[in-house]
**Q** 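Sharing a structure below in structure tokens format, with a few things to ask.
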Amino acid sequence: MKITDSVQYLKGVGPKKKAELARLGIARVYDVLTYFPRTYEDQSALTRIADLRPGTVATVAGTIVNLQEQTGRRGLTILTAYLNDGSGLLQVTWFNQKYLKNKLKVGRRVFVSGKPAYAYGGHGQFAMSQLRYFQILDEGEQAAGLCGILPVYAATERLNQKFFRTLVEEALEAADELPELIPARILAERKLMGRREALRAVHFPKDGEELKRARYRLAFSELYLIQCGLLLIKKQSQQTRLGIRHQPNGKLVAAVLSGLPFTLTHDQQQAWQEICRDMERTVPMRRLVQGDVGSGKTVIAMLALVKTVETGWQGAMMAPTEILAAQHYENLSAKLAPLGIRVGYLSGHLTPRERREMHEAIACHEVDIVIGTHALIQDDVHFARLGLVITDEQHRFGIAQRAALEKKGAHVPDVLVMTATPIPRTMTLTVYGDLDVSLIRELPPGRQPIRTFVRRPDRRPLIYQYVRSQIEAGRQAYVVCPLIEMNEESDLPSAEEVYDELRFGIFRGIPCGLVHGKLAPAEKERVMQDFYADKIKLLVSTTVIEVGVNVPNASIMVIEHAERFGLAQLHQLRGRIGRGSYASYCILVSEGKTENARERLRIMATVSDGFKLAEEDLRLRGPGQFFGSMQHGLPDLKIARVPEDIAILLEAHRAAEATLTSQGDLDFIRPILALQYKERFQHIMEN
Ligand code: ADP
Ligand code: MG
């Protein structure tokens, strides 16, 4: 049987079971083999019956000394066996398992695992009815041999542990073709377990040591293949596709640089140099600029866009929200239009006519730079000469969307990806393994640290009094609320309510604005413009302002119900202030009902470095959720865990790098990648 065969060919799987399995994503034999245990039950020690404790899971081996069969209501068969292990008697009951009648015999040794309870009317004798596992030993077989580490699967009501254990055994036995995934050379060098052995051992390990080796091997091969895929993407796009060779910086770039009201920080300079070097090579650039919120990534993006224009190409920059795209457009066109650079804007909210005109302008090279939202990757957008694509806040996009933008021109454009979500450095490998990384760690000079406070809701009058005094001193303020409208099911104050409460209350006489996702685009645009222009002093909003919004004069932010936001989100929100030279304050309003919420807010109040926060976030949320929210486009990991398996990841990365230099290894890996991660790596399989 092949591992690609349907589960229905396995013993014990009829149409019903097949359907149940399908709901768990198990369709083929392969899926069974990689339905890895959720955890294990260590049964390596037998408990004497005399030492059993009610409610504590234990494993017992005893000889059947007595058997009873009863028929309950509705014809239910109840089989009861009395086991003796020399220290006491244990009653074991099976319901409705008639087939056991022939197997259970007085004198047979039985091995059972479960939770003992006092037997009804048993005078202190124990009974086990909720068996986790049992085995009837053959004559002369030793229970000790069977005791070991048992797999525990994510079972369902109808598919229990026993079913899975048997199913996996079946699959292991039936699968005669289990091709190796790792080149033999690497297996030997790293003394890794073979695939078949590892699969067997991860389900039915002899001992902890074997389990560890098996898990290592499987996690390694999983990460290794992904790393190979990512490195292949990079290599192929660099080798087989000719990129654009940008000219060295000329007058235009110089004009933009000298027009900046500041000088680049050391890190910005470094990133800019790396970008120039990449862009001036024929090999397409694939670079990630990773920098904490407020570190000044936009100016780097702008310079790169100007560079492509100076060489005679078009540049495109995609942002995840309308507000951010519009801001970038305003900012860039204000700076670049005077230099004769034509900047266009594209979003889903343009009128059909405006959109058509912009499409035409893009296709005829009547615009040099286009800033937009997802509208940029619609089918009817075609660039005449696309030389550079930038995605801002990449963590909000999928890898597929980035790739779609790259395909908008006839040539292979240079690619620049920007993200503020700092992920622990080594993690960039799994998520962005195909990109080179430029880090911007330092913030522009003159910034004052943002001071963050956690306050209870009963302090709101004082808090807002303080906000008012800041506004009267010339600053602007944000108030962030979790919900837009009043919601009957929730007692959280909505942005609308808070807006009314504030503008008719404490902030009477001060221009206030409200912005949220449900506003008409034109209205949203107007409010944001007024806020940028300092006409609105207090902006009540939902998280629509979370990414990218840049108003350096805004120096104070109140986040209502702060416990409703995750660390990463709070950090992004807080990043809206502290962008100028003013002392900035972030006040997290929360009752902090749960310990987890309190801890999160405590961390926010003490940690300001985005990289450190990311690590804390990872610790608090666990890798599943943490990466779930950002690893768009990465295949699900079945066994490897990031970051726990970071050491394995680094090994796998090294092995993958070596693989790319060996034609033999590459020939071996390619078909496997095609099979295992078809969707993820499709675009490299096409070549
Ligand atoms: P982010 O990295 O979050 O996208 P931005 O690019 O929006 O940050 O920059 C934040 C603010 O810092 C902007 O007002 C920008 O003009 C300013 N800025 C960027 N670089 C510098 C610098 N080298 N010196 C001073 N201010 C800078
Ligand atoms: Mg930005």
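Numbering of ligands and ligand atoms starts at 1, following listing order.
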**Q** Quick check on Arg447 - does any of its heavy atoms sit under 4.0 Å from an atom of ligand 1?
**A** yes
**Q** For Leu264, which part has a heavy atom under 4.0 Å from ligand 1: side chain, backbone, both, or neither?
**A** backbone
**Q** Is it the side chain, the backbone, both or neither of Gln268 that has a heavy atom closer than 4.0 Å to ligand 1?
**A**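 The answer is the side chain of Gln268.
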**Q** Give, for atom CD1 of Ile545 and atom CZ of Arg576, the distance between the pair rounded to the nearest 0.5 Å.
**A** 7.0 Å
**Q** Gln476 side chain to Ser555 main-chain N or O, any donor-acceptor pair under 3.5 Å?
**A** no
**Q** Tell me the protein heavy atom at minimum distance from atom 2 (O) of ligand 1, and give that distance in Å.
**A** Lys297 NZ, 2.7 Å
**Q** Could you check whether any heavy atom of Ser295 sits closer than 4.0 Å to an atom of ligand 1, since that is the contact criterion I want to use?
**A** yes
**Q** Heavy-atom distances under 4.0 Å decide this one: backbone, side chain, both or neither, for Thr263 against ligand 1?
**A**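 Within the 4.0 Å criterion, Thr263 contacts ligand 1 through backbone atoms alone.
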**Q** Out of curiosity, Leu346 CG to Tyr329 OH, how far, rounded to the nearest 0.5 Å?
**A**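 One gets 11.5 Å once the value is rounded to the nearest 0.5 Å.
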**Q** Contact between Gly294 and ligand 1, counting heavy atoms under 4.0 Å?
**A**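 The answer is yes, since Gly294 has a heavy atom less than 4.0 Å from ligand 1.
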**Q** Starting from atom 6 (O) of ligand 1, what is the nearest protein heavy atom, named by residue and atom, and what distance separates them?
**A** Thr298 OG1, 2.7 Å
**Q** Only heavy atoms of Val293, strictly under 4.0 Å: list the atoms of ligand 1 that pass.
**A**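 Listed by number with element: 3 (O).
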**Q** Which bit of Asn550 gets closer than 4.0 Å to ligand 1, counting heavy atoms only: side chain, backbone, both or neither?
**A**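 Only the side chain of Asn550 comes within reach of ligand 1.
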**Q** Please check whether Gly296 reaches ligand 1 - meaning an N/O of the residue sits under 3.5 Å from an N/O of the ligand, judged on distance alone.
**A**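 So ligand 1 has an N or O lying under 3.5 Å from an N or O of Gly296.
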**Q** Which value, rounded to the nearest 0.5 Å, describes the distance between Asp292 atom CG and Asp267 atom CG?
**A**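 Asp292 atom CG to Asp267 atom CG measures 11.5 Å (nearest 0.5 Å).
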**Q** Enter the distance from Leu252:CG to Glu310:CD here, rounded to the nearest 0.5 Å.
**A**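 Rounded to the nearest 0.5 Å, the CG-CD separation comes out at 4.5 Å.
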**Q** Between the side chains of Arg451 and Ser584, does any donor sit under 3.5 Å from an acceptor?
**A** no
**Q** Please tell me whether Ser347 and Glu322 have a donor and an acceptor in their side chains that are separated by less than 3.5 angstrom.
**A**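 Yes.
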**Q** If we check side-chain hydrogen bond (donor to acceptor under 3.5 Å, both in side chains) with Lys307, which of these qualifies: Glu280, His246, Gln247?
**A** Glu280
**Q** Would you say the side-chain atoms of Tyr582 and Gln448 include a donor-acceptor pair closer than 3.5 Å?
**A** no
**Q** At what distance is the nearest protein heavy atom to atom 21 (C) of ligand 1, and which residue and atom is it?
**A** Phe262 CE1, 3.4 Å
**Q** State, without any angle test, whether Glu330 and His328 hold a side-chain donor-acceptor pair at a distance under 3.5 Å.
**A** no
**Q** Identify the closest protein heavy atom to atom 7 (O) of ligand 1: which residue and atom is it, and at what distance?
**A** Arg579 NH1, 2.9 Å
**Q** Does ligand 1 come near enough to Pro552 that some N or O of the ligand is less than 3.5 Å from an N or O of the residue?
**A** no
**Q** As an exercise, identify every atom of ligand 1 less than 4.0 angstrom from a heavy atom of Thr265.
**A**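 Per the distance check, 23 (N).
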